[in-house]
Amino acid sequence: MRTEYQFREIEKAWQSFWEANEIFQAQVNPEKPKYYVLDMFPYPSGAGLHVGHPLGYIASDIMARYKRLQGYEVLHPMGFDSFGLPAEQYAIQTGQHPAITTEQNIARYIEQLKNMGFSFDWSREVRTSDASYYKWTQWIFMQLFNSWYNQETDKAESIETLKTILGAKGSIGLKAVCDEEVTRITAEQWNAMSADEQYAYLLSFRLAYLDDSVVNWCPQLGTVLANDEVKDGVSERGGYPVEQKKMRQWSMRITAYADRLLRGLDEVDWADSLKEQQRNWIGKSIGTDVEFAIENVSDKKIKVFTTRVDTIYGVSFMVLAPEHEWVEELTTPAQKEAVEEYVNWAKTRSELDRVSEVKTVSGVFTGTYVINPMNQERVPLFLADYVLAGYGTGAVMGVPSGDQRDWNFAKHFDLPIPSILDGQKDIDKQADPTKEGKYINSGMINGMGYKEATNTLNAWLEENGIGKGKVQYRMRNAVFSRQRYWGEPVPVYFKPTASGDLLPYLIEESELPLELPKIDKYLPTETGEPPLGRAASDWKYKGQYDYEWSTMPGWAGSSWYWYRYMDATNSGEFASKEAINYWKAVDLYIGGSEHATGHLLYSRFWNKFLKDLGYVPEEEFAKKLINQGMIQGRSNFVYRLKDSAKVTFVSHGLKDQYDVAALHVDVNIVENDVLDLEAFKKSRNDVPADAEFILEDGKYVCGWEVEKMSKSKFNVVNPDDLIAKYGADTLRVYEMFLGPLEQFKPWNTNSISGSHNFLRKVWRLFFDDNTNTSKLVDAPATPEELKVLHTAIRKVQDDLDRFSFNTVVSTLMICVNDLGALKCHKKLVLRELVILLSPYAPHIAEELWAALGEQEGSISYASFPAFNAAFLEENDFNYPISFNGKVKLTLAFPVTATPAEIEAAVLANDQVTKHLEGKTPSKVIVVPKRIVNIVLGK
RNA sequence: GCUUGGGUGGUGGAACUGGUAGACACGCGGGACUUAAAAUCCCGUGAGCCGUAACGCUCGUGUGGGUUCGAUUCCCAUCCCAAGUACCA
């Protein structure tokens with residue numbers, strides 16, 4: 001029998017062993033510290049996994065296994081974000097229920113994941129589309145519906161506390177996050193309301209609420225599209241026109257949490273770029289709302305938001321967004337034509353046009369003037385598309401001296417550019433946004449500095465009822481309805497009031513889950529209602545009330561799933577108190593950065609909400625987050641002669657001598673950029689058997705380029721193929737060895753043989769390939785062997801603690817190379833080496849662990865080797881001796897030598913004297929156990 | 001434009017708080033073993049230069065400056081690449 005490294009048998013055997021013995025099942029175990037390693041769970045797409053997907057899973061699995069070795073109770077689960085569009089689209093085309101497609105895809109994913117040897121606790125697998133899971137997504141929705149945000153306590157509270165407050169004090173002066181247009185009422189008014197009226201009033205305060213939202217409606221497809229399904233104003237699929245349509249939609253008041261979402265970022269260990277993205281997305285700005293009166297219009301005032309109220313005396317014009325609702329009314333007859341023309345032109349401009357033409361100035365005068373409340377000056381009112389209707393109040397005060405855009409605008413329309421600060425420089429050439437200096441030409445703030453001026457103005461404006469300090473956020477509330485089938489039903493039905501208005505009511509908690517009804521077709525109804533409307537005739541609450549027909553968005557199920565893993569089969573709670581209090585939050589979360597402003601923001605929102613209600617203990621759900629970099633494709637090309645009677649391909653190195661066209665070639669038939677000619681001829685029908693190849697050095701060399709990994713570019717590498725050829729352990733080691741986890745990098749199968757050879761070298765430390773014998777011996781380790789081993793122990797531990805997965809691989813390679821050179825086959829040493837290797841290559845590690853005669857069954861629960869610094873101690877240190885920073889030689893000195901002794905010895909050395917060339921050193925720097933530098937004057 | 005990363009051999013990358021730049025691996029070249037191949041092992045491999053040779057010299061981390069005894073690492077300026085983004089008042 002050969003004992004050569006038989007990875008196929010080894011990997012299958014250990015995967016079965018792990019599964020049969022439930023090796024990776026996590027328990028609530030207060031005896032041990034816990035560690036929760038989470039991967040962003042995948043959407044199970046029909047294409048299966050490519051080599052890019054497992055990258056993050058490998059890293060998280062290494063951490064999970066490493067922490068187990070360190071004695072932690074590790075929770076490392078996997079599941080599926082299984083609601084989503086592709087399955088629904090497939091259902092529309094084929095009529096097959098999305099659940100069936102989803103089930104098939106998941107089965108494929110699980111098979112692929114199991115082949116990789118991940119240490120997931122599969123007993124905790126979750127699927128967002130299972131009713132037993134979405135029951136709790138619906139339950140959280142109900143909690144949100146039953147809550148309001150109290151700004152006094154700065155947290156969400158039960159709607160019952162709001163009723164009490166309204167009954168006692170009314171809503172005048174109530175600090176709550178609510179609909180903007182809500183009418184403020186007294187306690188008497190509240191108490192005088194009917195039950196239905198009170199219920200309707202409360203809807204404006206609930207964290208889940210109904211609102212008219214603008215959606216991308218595509219009449220031809222009869223459906224609502226997400227922003228990224230719309231390209232250049234038409235649907236990505238089919239290219240049909242898309243219009244903006246107002247629809248009654250469920251929304252979530254995420255803006256209530258804007259400030260906490262911002263503050264929480266300081267607590268978590270996430271990449272700066274990611275935090276910055278979230279900060280930008282939330283877009284907090286502190287400023288002032290100011291009302292400007294309009295000349296000859298008494299019933300309206302224009303409200304502007306400014307972050308620089310201190311510049312208000314420098315206002316020389318005012319601008320409204322072209323979409324502003326008062327445009328028509330505020331245009332004078334003389335300007336009517338020009339304004340209409342401008343508004344129509346502005347409508348044709350896409351978002352892209354607006355962004356790309358930043359430098360051009362456009363606008364039109366309305367003919368109307370507004371009055372600056374500070375100095376009663378008449379200021380012309382313009383329209384310009386640099387002002388956006390969707391941000392702030394849709395109106396901006398123009399201060400050309402301090403804002404470059406305003407300055408450009410003023411120059412273009414020949415408006416005055418008054419100076420307001422003595423610190424402003426060259427404002428005839430450009431705007432100067434400085435806050436330095438004292439105010440001039442500025443009425444009541446003349447002579448003041450920035451801070452004092454701002455405070456003075458805010459106080460005065462508030463006192464006179466003209467303005468007010470305000471915090472403005474860019475972030476909008478989150479639309480929560482989707483006009484789709486394959487999502488969670490919203491647990492709401494509509495019941496008419498006495499006057500016939502429909503009000504939304506929650507179903508009873510005991511009636512959860514509200515399951516998706518069966519429907520005949522997965523399209524909207526003929527009247528444009530969502531697909532669930534098709535079930536309406538026999539899908540009614542208590543047999544009489546219509547349910548909500550829209551479903552929840554994709555982010556609903558993924559905004560709390562890490563809690564379900566803690567107690568995945570609990571039917572009475574989303575997770576038990578005991579489980580939540582043990583596992584608390586995710587210690588390490590790994591996933592792509594593309595979720596920065598979606599999933600990661602919504603999840604933080606729901607987590608904070610659940611904490612407010614006392615269901616979970618932590619304000620932030622993921623303490624540490626690593627974004628793995630995307631793996632890009634590396635395409636290969638062949639070069640076909642353009643004018644040649646016979647089909648002819650020329651090798652990469654010679655292609656410049658011919659007129660050629662580059663064609664993608666399947667990377668799976670190319671090795672080290674050398675094309676497998678036979679496979680190539682078979683792979684394509686457009687390559688005849690007698691095709692000719694112009695070779696270099698007897699080989700056909702392909703060109704290459706980095707592109708996105710995609711089928712159309714023939715550069716998709718399937719992990720299954722690599723596992724079949726090299727084994728999962730090799731693939732795991734190689735993916736980590738490729739480079740830092742966070743970095744974007746192209747996939748290149750070329751050097752995978754290096755990782756495979758490494759594992760074979762490990763194998764050969766244990767077994768002789770030729771004589772079929774074990775080389776293991778029971779002998780005490782030499783100091784040299786211990787030094788090699790402990791150098792590796794220290795570095796592996798240090799590197800894993802800072803998530804430097806790639807350098808661990810080279811450390812292990814060095815260790816194995818060194819032990820090989822020392823011909824070390826001692827059990828005591830190799831035992832520790834195998835433990836170090838086991839997080840990366842768990843199958844071979846288990847096999848070798850068994851070969852060592854270990855009785856413990858699985859290496860997974862061995863102890864991580866204890867580092868002993870004593871083995872690394874040296875008597876001498878080899879000092880590099882440098883002259884003016886350039887190293888010329890090295891000299892060994894005892895580590896106990898003092899700098900003075902070293903300096904004396906160095907200067908007395910013959911070689912050093914030779915390098916001095918008779919010069920006298922002006923200075924000698926000795927850094928103990930580092931370097932000696934001799935400074936020579938010029 | 002702004003924000004955040006990043007530019008190191010033929011390639012992927014290493015160098016943890018400033019201390020021998022290029023670890024480790026791929027690729028390539030040479031050699032041993034073999035009838036041959038595979039496998040394995042050994043040697044070499046940043047560029048340029050001097051010499052018969054041991055050895056030695058010069059340059060070198062996008063570019064230009066600076067700080068320092070000493071800079072891939074810190075500072076300033078600048079160019080290029082990637083991701084994100086908002087004309088945000």
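Order of the sequence lines fixes the chain letters, A, B, ..., with proteins taken first and strands second; residue numbering starts at 1 for each chain.
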Residues which pass side-chain hydrogen bond (donor to acceptor under 3.5 Å, both in side chains) with A/E874, listed by chain and number, not counting sequence neighbours: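 If we apply the side-chain hydrogen bond (donor to acceptor under 3.5 Å, both in side chains) test to A/E874, skipping adjacent residues, the hits are A/K787.
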Within 6.0 Å of NZ in A/K303, more than 12 heavy atoms from elsewhere: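 Incorrect, the count does not exceed 12.
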Over 12 non-hydrogen atoms of neighbours within 6.0 angstrom of CZ in A/R930: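 It does not: A/R930 CZ has 12 such atoms or fewer within range.
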Nearest-Å distance once atom [atom1] is located in both [N] and [M]:
N: B/A54; M: B/U67; atom1: C1'; answer: 41 Å
N: B/U68; M: B/G84; atom1: C1'; answer: 37 Å
N: B/C55; M: B/G6; atom1: C1'; answer: 40 Å
N: B/C75; M: B/U17; atom1: P; answer: 13 Å
N: B/A21; M: B/A32; atom1: C1'; answer: 33 Å
N: B/C24; M: B/C41; atom1: P; answer: 15 Å
N: B/C16; M: B/A77; atom1: C1'; answer: 29 Å

Report the base-pairing partner of [N] (Watson-Crick or G-U wobble, both distances below 3.5 angstrom), or none.
N: B/C26; value: B/G10
N: B/A77; value: B/U63
N: B/G48; value: B/C57
N: B/A15; value: none
N: B/A38; value: none
N: B/U85; value: B/G1

For [X], enumerate each residue passing the ring pair (Phe, Tyr, Trp, His ring centres under 6.0 Å) test, keeping only those at least two apart in sequence or located in another chain.
X: A/Y726; result: A/H756
X: A/W326; result: A/H324
X: A/F413; result: A/F382, A/F409
X: A/F877; result: A/Y879

Between atom [atom1] in [X] and atom [atom2] in [N], what is the gap in whole Å?
X: A/I626; N: B/U4; atom1: CD1; atom2: P; result: 21 Å
X: A/Q632; N: B/C81; atom1: CD; atom2: C1'; result: 12 Å
X: A/K888; N: B/C55; atom1: NZ; atom2: C1'; result: 13 Å
X: A/L55; N: B/G12; atom1: CG; atom2: C1'; result: 14 Å
X: A/K275; N: B/G84; atom1: NZ; atom2: C1'; result: 17 Å
X: A/K929; N: B/U20; atom1: NZ; atom2: C1'; result: 17 Å
X: A/F305; N: B/C88; atom1: CZ; atom2: C1'; result: 9 Å
X: A/R474; N: B/C87; atom1: CZ; atom2: C1'; result: 13 Å

Using the side-chain heavy atoms of [X], tell me which of these nucleotides is nearest: [options].
X: A/I931; options: B/G19, B/A86, B/C87; value: B/G19
X: A/N750; options: B/C26, B/U20, B/U3; value: B/C26
X: A/Q277; options: B/G5, B/G84, B/C87; value: B/G84
X: A/Y391; options: B/A89, B/A23, B/U4; value: B/A89

OP1 or OP2 of B/G84 under 4.0 Å from side-chain N/O of A/T597: no
Distance below 4.0 Å between A/R405 side-chain N/O and B/C88 OP1 or OP2: yes
Touch class at under 4.0 angstrom, heavy-atom based, for A/N748 against every strand present: nothing
Residues A/D406, A/R308: salt bridge by 4.0 Å N-O rule: no
A/K468/A/D289 ion pair, N-O < 4.0 Å: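 No, no charged N to carboxylate O under 4.0 Å.
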Derivation and outcome, side chain to side chain contact (heavy atoms under 4.5 Å, CB included), residues A/K275 and A/V268: CA-CA 9 Å; A/K275 290 187 186 184; A/V268 292; 4.2 Å; yes
Where at least one partner belongs to residues 790-823 of chain A, residue pairs that pass ring-ring contact (aromatic ring centres under 6.0 Å, His included), sequence neighbours excluded: A/H790-A/F871
Whichever of A/V932 and A/N817 has its nearest RNA chain B nucleotide further upstream toward 5': A/V932
Upstream residue (5' side of RNA chain B) when A/F877 and A/K886 are each assigned their closest nucleotide: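 By nearest-heavy-atom nucleotide position, the 5'-most residue is A/F877.
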Which atoms of nucleotides 67-72 of chain B (N or O only) lie under 3.5 Å from a protein N or O atom, and what are those distances?
from  : atom 1 : to     : atom 2 : distance (Å)
B/C69 : O2'    : A/N933 : ND2    : 3.0
B/C69 : O2     : A/N933 : ND2    : 2.5

Salt bridge (charged side-chain N to carboxylate O under 4.0 Å, His left out) partners of residues 628-637 of chain A, not counting sequence neighbours, each pair once: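 Every pair satisfying salt bridge (charged side-chain N to carboxylate O under 4.0 Å, His left out) with a residue in residues 628-637 of chain A: A/R634-A/D673.
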Salt bridge (charged side-chain N to carboxylate O under 4.0 Å, His left out) contacts touching residues 796-819 of chain A (sequence neighbours left out): A/K795-A/D799, A/D799-A/R802
Pair A/Y734 and A/W747, ring centroids less than 6.0 Å apart: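 Yes, ring centres under 6.0 Å apart.
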Min side-chain heavy-atom separation A/K301-A/V370 under 4.5 Å: no
Dump the pairs, protein N or O against N or O of nucleotides 61-63 of chain B, anything under 3.5 Å, distances to one decimal.
none

Write down the protein N/O and nucleotide N/O pairs, taken from nucleotides 13-15 of chain B, whose separation is under 3.5 Å; answer none if there are no such pairs.
from  : atom 1 : to     : atom 2 : distance (Å)
B/G13 : OP1    : A/Q743 : NE2    : 2.5
B/G13 : O3'    : A/N806 : ND2    : 3.4
B/A14 : OP1    : A/N806 : ND2    : 2.8

Syn-anti status, with the boundary at 90° from 0, for the nucleotide B/G13: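 In terms of base orientation relative to the sugar, B/G13 is anti.
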What are the atom names and distances for every N/O pair under 3.5 Å that joins the protein to nucleotides 38-44 of chain B?
from  : atom 1 : to     : atom 2 : distance (Å)
B/A39 : O3'    : A/R760 : NH2    : 3.3
B/U40 : OP1    : A/N757 : OD1    : 3.4
B/U40 : O3'    : A/R764 : NH2    : 3.4
B/C41 : OP1    : A/R764 : NH2    : 3.3

Quiz item: cation-pi between A/K284 and A/Y473, 6.0 Å / 45°: no
Residue pair A/F883, A/V932: steps toward the side chain to side chain contact (heavy atoms under 4.5 Å, CB included) verdict: CA-CA 9 Å; A/F883 296 80; A/V932 175; over 6 Å; no
